[in-house]
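What follows is a short report on a single structure.
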Amino acid sequence: MLGRVFSKYSKSLFWWLSLVLVGLGTPFGVPFFAPFSAALGFALFWMSVSDFPRSKEYFCWATCWFFGVQLMQLFWLTSHPYAYIYLVWLALSFSMGVQWGLLCLCVTQERLRKASWIEIGALSGFWVLLEWLRLGVLSGFPFNPVGITLAFWEYPLQLASVGGVYGLSFWVMATNYLAVQCWHSMQKKKAFQWVCVACFPYLFGWGHIFYHESEEWRAAPPLSALLVQPNFPSEESMDFASFEEARQHVLQEWEEIEKVIGRATDTHQDIQLIALPEYVVPYSASFPAYSFSQVTDRMQWVFGEAMRASWPPLEYPYAVWQERYGEWFVSNSFIAQAIANVSRASVVVGLEERLFGQETTEIYSSALHFLPKNGQHEHYAKQVLLPMGEYIPFSWCRSLAARYGVMHSFTPGQEAGIFEAEHRFSPCICYEELYGNLMRECKKKGAEWLLNLTNDGWYPSLVWSHFYHARVRAVENGIPILRSCNTGITGAFDALGRVIATLPPTQPSSPPAALYVKVPLYAYTPLYFFWGDFGVVTLSIFFGVAQFFLGGKRGFFLLYKRKQ
């Protein structure tokens, strides 16, 4: 009787403890919980419910549990200013809960007690495939693979250099299966296996960092960069009485940016790169929105006499003569090129870009690269667009999107971009940096480091989640990453994912700021570069096929049925 009571209450305790550990045990939640979540958080859940006799009941409990986990981990969605996001939050969390429920139909006490290494690999691989398949829905949803748990510290994170973030997910799941076996068997051998597997990422990471630190003498001189964080409110959230009022507001925003850059360039004479975030100000890059006299007066006041020899040529896309006003009107490109000229540094800025055809106009969310005194600029078009925010996925969504200021869809870019400066680098925009396959394409094209331009202003609570997901990309590709955020966390990682420097997260309308950072350009070629996500996906399929043919009566592990 006492044993049954203890069993009942211990299972209830395990269920709630697992929910808290896994839901909060992330680098962007409660980092202290993360190692416990990675080693036994999921195992505690299976210990609490995996003996349910009815498959429907078990599926419902598993779905509800992971639904609760995702409600916590995706809570940042609710910081969006519009109420419709609550439906998105619930729908995404529930769909991921269903994925977990499907996995748990294969995870029974009997199976876990007797599971071979092949079966553990098959079960781990099944979950990896479910996570990976999320990337194929609309623009994909790369957030919250369970492997992100290991990104809380630089040592276990290094395992991503082998299998990427989905390789980390595979390892976390295998570790938790072994934890359940250890619990049921109470054998020293099983306990030893679990401890070894749980500790391996930390030992691997220590050796990995030690080796590369000893090789850093090969690195080129560091890159000196200025990463600007303007903290401007979104254009859609503002109401202007006239075009002139809006134009003067944007000119004021440019003046604030120029002041920040001017102070930094006076202090640091070696700046090689100035980065401004995604969609830093309204109007397309070549739209002649401002009078030449207004722009030049403001910039000369900020930068002094040096500006007199720094103006770009008065020609398209920098300027257009307006007969109506009898003067030149200049564009955002003019201002960006002028900043590059006066600072003698490359300038990368996130702007809308419009390309006019005979029948259609294509609109891109772009990163533009201006070289000092070059007179020409390079551009990169964002490939992964945000549904509803940057493109309208279905015709019936148009009226809904219009209510929130989204009147048209951007055109997606088609390939990774490379910018040529003192060092070749690739830009990416916003949550593109969460896609390991895209960032790998950048390195394939010869990028020596990555630059991300972001605006997390629509989701103020997203910033830490975005930051730690980005950190994984540095380790996967073995190259540094710099980040310039409008609102978010502006900063830089080295090639081992270690944080070099950051600005504190801010909210819109905070004073503009800039981070001067010297980034070591040491880079290496990790194993992940050779096989990408295809490596762990292939491994997962291999274990599934092996279990199918070698597992005997238990080989059809996806068709296993409980009592009805």
Side-chain angles (χ1 to χ4, degrees), residues 15 18-19 22-23 37 41-74 89-115 118-138 140-149 165-177 179-180 533 536-548 551 553-564:
W15 196 90
S18 64
L19 181 67
V22 177
S37 173
F42 300 93
L44 289 172
F45 167 76
W46 286 314
M47 292 174 199
S48 69
V49 300
S50 61
D51 61 343
F52 279 3
R54 297 183 181 276
S55 57
K56 291 181 180 178
E57 184 182 2
Y58 181 45
F59 173 80
C60 290
W61 272 101
T63 298
C64 289
W65 179 81
F66 205 66
F67 175 53
V69 166
Q70 292 308 309
L71 286 177
M72 288 187 274
Q73 294 187 359
L74 296 177
W89 176 49
L90 293 172
L92 281 172
S93 300
F94 181 74
S95 65
M96 294 164 76
V98 170
Q99 285 188 325
W100 183 258
L102 292 174
L103 171 71
C104 288
L105 288 179
C106 311
V107 181
T108 66
Q109 276 198 3
E110 178 187 0
R111 171 161 289 120
L112 289 175
R113 286 170 180 165
K114 302 177 181 179
I118 290 178
E119 193 161 9
I120 288 175
L123 291 170
S124 302
F126 180 42
W127 179 251
V128 166
L129 291 174
L130 290 175
E131 286 190 336
W132 180 69
L133 288 173
R134 294 177 200 160
L135 300 180
V137 181
L138 294 178
F141 192 74
F143 289 95
N144 296 359
V146 301
I148 198 67
T149 308
V165 72
Y166 296 114
L168 298 182
S169 292
F170 188 98
W171 201 268
V172 168
M173 298 306 293
T175 304
N176 279 269
Y177 292 133
V180 180
D533 293 336
V536 70
V537 168
T538 302
L539 182 67
S540 299
I541 295 173
F542 168 79
F543 276 116
V545 172
Q547 175 61 24
F548 182 86
K553 293 181 180 179
R554 293 147 53 79
F556 295 87
F557 72 98
L558 295 181
L559 301 180
Y560 180 84
K561 293 183 179 179
R562 295 168 173 269
K563 294 179 182 179
Q564 297 299 318

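Quick note: numbers below take in every heavy atom, side chains included, and nothing from hydrogens, waters or symmetry partners.
Within the 3.5 Å criterion, the main-chain N or O of F542 finds no donor-acceptor partner in the side chain of Q547. Although no hydrogens or angles enter the test, the distance criterion places a donor-acceptor pair under 3.5 Å between the side chain of N176 and the main chain of G41. When atom types are taken as modelled, the side chain of S93 and the backbone of L90 share no donor-acceptor pair closer than 3.5 angstrom. A donor-acceptor distance shorter than 3.5 angstrom exists from the side chain of S124 to the backbone of A174, with no hydrogens or angles considered.
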Quiz item: Could you go step by step and tell me if F126 and C106 meet the side-chain contact (heavy atoms from CB on, under 4.5 Å) rule?
Solution: CA-CA 10 Å; F126 180 42; C106 311; 4.2 Å; yes

Quiz prompt | Criterion side-chain contact (heavy atoms from CB on, under 4.5 Å) on N144 and M96, from CA distance to verdict | solution = CA-CA 10 Å; N144 296 359; M96 294 164 76; 4.2 Å; yes

Quiz item: Between W171 and W127, does a ring-ring contact (aromatic ring centres under 6.0 Å, His included) hold up when you go through it step by step?
Solution: CA-CA 11 Å; W171 201 268; W127 179 251; over 10 Å; no

Quiz item: Taking it one step at a time, do L19 and F45 satisfy side-chain contact (heavy atoms from CB on, under 4.5 Å)?
Solution: CA-CA 8 Å; L19 181 67; F45 167 76; over 6 Å; no

Self-check item: Full working for side-chain contact (heavy atoms from CB on, under 4.5 Å) between F66 and C104
Solution: CA-CA 11 Å; F66 205 66; C104 288; over 6 Å; no

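Of the residues Q70, E131, R134, the one that meets the side chain to side chain donor-acceptor pair (under 3.5 Å) test with Q99 is R134.
At a threshold of 4.5 Å between non-hydrogen side-chain atoms, the residues V107 and Y177 count as touching. Contact check for F143 versus L92: no side-chain heavy atoms found under the 4.5 Å cut-off. Between V146 and F170, every side-chain heavy-atom pair lies at or beyond the 4.5 Å cut-off. Counting heavy atoms from C-beta on, the side chains of T175 and F42 never come closer than 4.5 Å. Taking the side chain as every heavy atom from C-beta outward, I541 and V537 approach each other to under 4.5 Å. Side-chain contact between F543 and L123 is absent, with no heavy atoms from C-beta onward closer than 4.5 Å.
Among all heavy-atom pairs drawn from V180 and M47, the shortest one is CA-CE, 4.3 Å. Here the closest heavy-atom approach between residue W100 and residue A62 is recorded as CD1-O, 3.3 Å. Across every non-hydrogen atom of G147 and S169, the tightest pair is N-OG, 2.8 Å. Between L71 and W89, the closest heavy-atom pair is O-NE1, 3.2 Å. Nearest heavy atoms, A179 versus A43: CB-CB, 3.6 Å. Across all non-hydrogen atoms, the minimal contact from Y58 to L105 is CE2-N, 4.1 Å.
One finds the OH atom of Y166 at 10.0 Å from the CD1 atom of I148 (value rounded to the nearest 0.5 Å). To the nearest 0.5 Å, atoms CG (L102) and OG1 (T63) are separated by 7.0 Å.
With no hydrogens or angles considered, a side-chain donor-acceptor pair links S18 and W65 at under 3.5 Å.
Applying the 6.0 Å contact sphere to CZ of F67 captures more than 12 heavy atoms from other residues, nucleotides or ligands.
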